[in-house]
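Note sheet for the following structure.
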Amino acid sequence: MGLLFSSLDFYSHVIYLSLSTRGSAKLPIYLVFLCKVNFIPFKNQYIRLGDAFYVKTRPASVANPSLIRFNEALAVELGIPVLDNEDVAGIFSGKVIPEGSEPVAMAYAGHQFGGFNPQLGDGRAILLGEVASPAGGHFDIHLKGSGPTAFSRNGDGLAALGPVLREYLVSEAMHKLGVPTTRALAAVTTGEEVVRERLLPGGVITRVARSFVRVGTFEYFAARGNTGEIRQLADFIIERAYPEAREAANPYVALLQGVVERQAELIAQWMNLGFIHGVMNTDNMAISGETIDYGPCAFMDGFDYNKVYSSIDRNGRYAYGNQASIGLWNLTRFAETLLPLFDENGDTAIEVAKQVLGVYVDHYQQVRQSGLLAKLGLLPGDAQTDAGDKKLIEALFDTMQASSADFTLTFYHLSRLSVQASENDEAIRRLFNHMPQFDDWLVQWREHLRRDAQDDTLRQAAMQAVNPVYIPRNHQVEAAIRAAEDRADFSVFHTLHEVLQQPYRYQPGRDRYMQPPEPHEVVEKTFCGT
Ligand code: AMP
Ligand code: MG
């Protein structure tokens, strides 16, 4: 077996469940007094769960907030009226609390790099409130970088401008690439400095999600033995994100099944775009199936199955090629918290959980494989042709690994080749350093294309619809951050954002956004920005 599915085989037999008795803990509650501005039609629900789930927290009032970008299209989708820049900067820096907002810091726990921490929580984030979108669905509006909370531990509760810009660019690019993700509603500068390895300008990003409830939120209550709260939380998230589970014989089993399927699909999508989340701790995995918590994330340039960018991931736990198996590990932690809701008998509950978790590997491989077939312009076939396609795909990844060919450009060039060899082959041959192994592969790929006998133009168009031209390349994101941090110049950020709005369409004059970094531009490490 080649690089493609190997690590899953390693992990599929380690689904391990434990029932444990845990103590309970109570959190302090802070009363807050709010100044009212009448703007956002909040319909808060999370706060109704009760004060075990959060700590009421007023965002810090910053000195001089200034708007970098407001996502008007998203605001319209959410039913938020058009606001002037000053109001936006005030509200989305936390300086002004709009009418109807009941700001809270959410409680959660989490496994960080495999070790359990029973209390993490929103240490630098605040749930401003929730809105019912006119288009349907309920959404959380969450500030990040808005000051200390009861969960800040030794942190300052703040965000530097760089991570704010990174999250805005990458999360909005993910959305346009078609990957479920939190969205960016606003980015502001605070006018204050943040102490990191040096003084940096401060910022606040406002994120939107179907829900910020995480695997770690369930773990928080499981660690305290609070089955009642786990049931409440499960009912809440079913209502919010898995309404179909209500009808099932056991809605909580259906919830686990839904979460398992969405997570498998999500990670398959990441993999097929060369995306590395970087810090897949259980507190950074949303139950809703959206990508959350963009920290040391990156899209790879040259293909490397073991690629790690995160400066804190020294053992490569969250390397590109480990993401699918880590997804299952995290889901197993989630399943453990639901066991009391599955069956009174512990052994029966574990059997149920194992069965549902058992769906993950197949589902992941199916989505990944069909996605890769689409990327290569191949039609799904019978079992025999599928096995041949799988070999072809693995041979391509082996060749990419051997030559460090650029992930995105490989598929970009392939989607512009015709079924006949021609001088157009030269660009991709150059990408593979004219390796004979790749020339052989091209011959085989074309044999598979001929077998499918598709119209060449239609096949190319279909491939171009799933193979992006532009991704938020690390060095471009870094250039946007450098210009903003060092020179207060946001034009680089805005232009990059604009390019990433249409990732699948070639934009004349913008070829440099397609290119991998020059040697002096390479970004080897990314940081959490905490
Ligand atoms: P993350 O790395 O974003 O997943 O954060 C892990 C935990 O650390 C969460 O509980 C965060 O709220 C908390 N945290 C991270 N950075 C800060 C900060 N600057 N101040 C307070 N808490 C923080
Ligand atoms: Mg986090």
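Both ligands and their constituent atoms are indexed starting at 1 by order of listing. The basis for the numbers below is simple: all heavy atoms, side chains too, and nothing from hydrogens, waters or symmetry mates.
- Taking any N or O of Gln112, backbone or side chain, none lies under 3.5 Å from an N or O belonging to ligand 1.
- A salt bridge links Glu524 to Lys307: one of the charged nitrogens lies within less than 4.0 Å of a carboxylate oxygen.
- Within the 3.5 Å criterion, the main-chain N or O of Met280 finds a donor-acceptor partner in the side chain of Asn330.
- Not one N, O or S atom of Asn281 sits under 2.8 Å from the Mg ion (ligand 2).
- The shortest N or O to N or O distance between Arg153 and ligand 1 is under 3.5 Å.
- Using a cut-off of 2.8 Å, one finds that Asp283 contributes no N/O/S atom close to the Mg ion (ligand 2).
- For Leu158, every heavy-atom contact with ligand 1 shorter than 4.0 Å involves the backbone, none the side chain.
- Remark: aromatic rings of Phe493 and Tyr168 are close, center separation under 6.0 Å.
- Distance alone, capped at 3.5 Å, is enough to place a donor-acceptor pair between the Asn44 side chain and the Glu130 backbone.
- Residue Met106 places no heavy atom under 4.0 Å from ligand 1.
- Between the Glu229 side chain and the Leu49 main chain, no donor and acceptor come within less than 3.5 Å of each other.
- For Asp293, the N/O/S atom at the shortest distance from the Mg ion (ligand 2) is named OD2.
- Considering Arg214, Gln119, Arg124 only, the shortest heavy-atom separation from atom 3 (O) of ligand 1 involves Arg124.
- For Asp156, the heavy-atom gap to ligand 1 drops under 4.0 angstrom.
- Taking only nitrogen or oxygen atoms, main chain and side chain alike, Phe151 does not reach within less than 3.5 Å of ligand 1.
- Within the listing of ligand 1, atoms 18 (C), 19 (N), 20 (N), 21 (C) sit less than 4.0 angstrom from a heavy atom of Gly157.
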As a quick check of understanding, evaluate side-chain contact (heavy atoms from CB on, under 4.5 Å) for Asn272 and Arg368, giving each step before the final call.
CA-CA 7 Å; Asn272 287 355; Arg368 174 126 160 85; 2.4 Å; yes
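- Remark: side-chain polar atoms of Asn71 are paired, donor with acceptor, to backbone N or O of Ala184 under 3.5 angstrom.
- Residue-ligand proximity, Arg196 to ligand 1, at heavy-atom distances under 4.0 Å covers atoms 19 (N).
- In Lys144, neither the side chain nor the backbone holds a heavy atom less than 4.0 Å from any atom of ligand 1.
- By the 6.0 Å and 45° rule, Arg262 stacks over the aromatic ring of Tyr242.
- Near Leu120, with a cut-off below 4.0 Å to any heavy atom, the atoms of ligand 1 are 10 (O).
- Taking the six-membered ring for Trp and the full ring otherwise, the centers of Phe53 and Phe221 sit less than 6.0 Å from each other.
- In summary, the atoms of ligand 1 found under 4.0 Å from a heavy atom of Gly121, numbered by their order in the structure, are 9 (C), 10 (O), 11 (C), 12 (O).
- In this structure, Gln323 contributes its side chain and His277 its backbone to a donor-acceptor pair below 3.5 Å.
- Counting heavy atoms under 4.0 Å from ligand 1, residue Asn284 touches it through the side chain alone.
- Remark: the backbone N or O of Gln119 is paired with a side-chain donor or acceptor of Asn117 at under 3.5 angstrom.
- Ligand 1 does not have Gly295 within reach: every non-hydrogen atom of the residue lies 4.0 Å or more from it.
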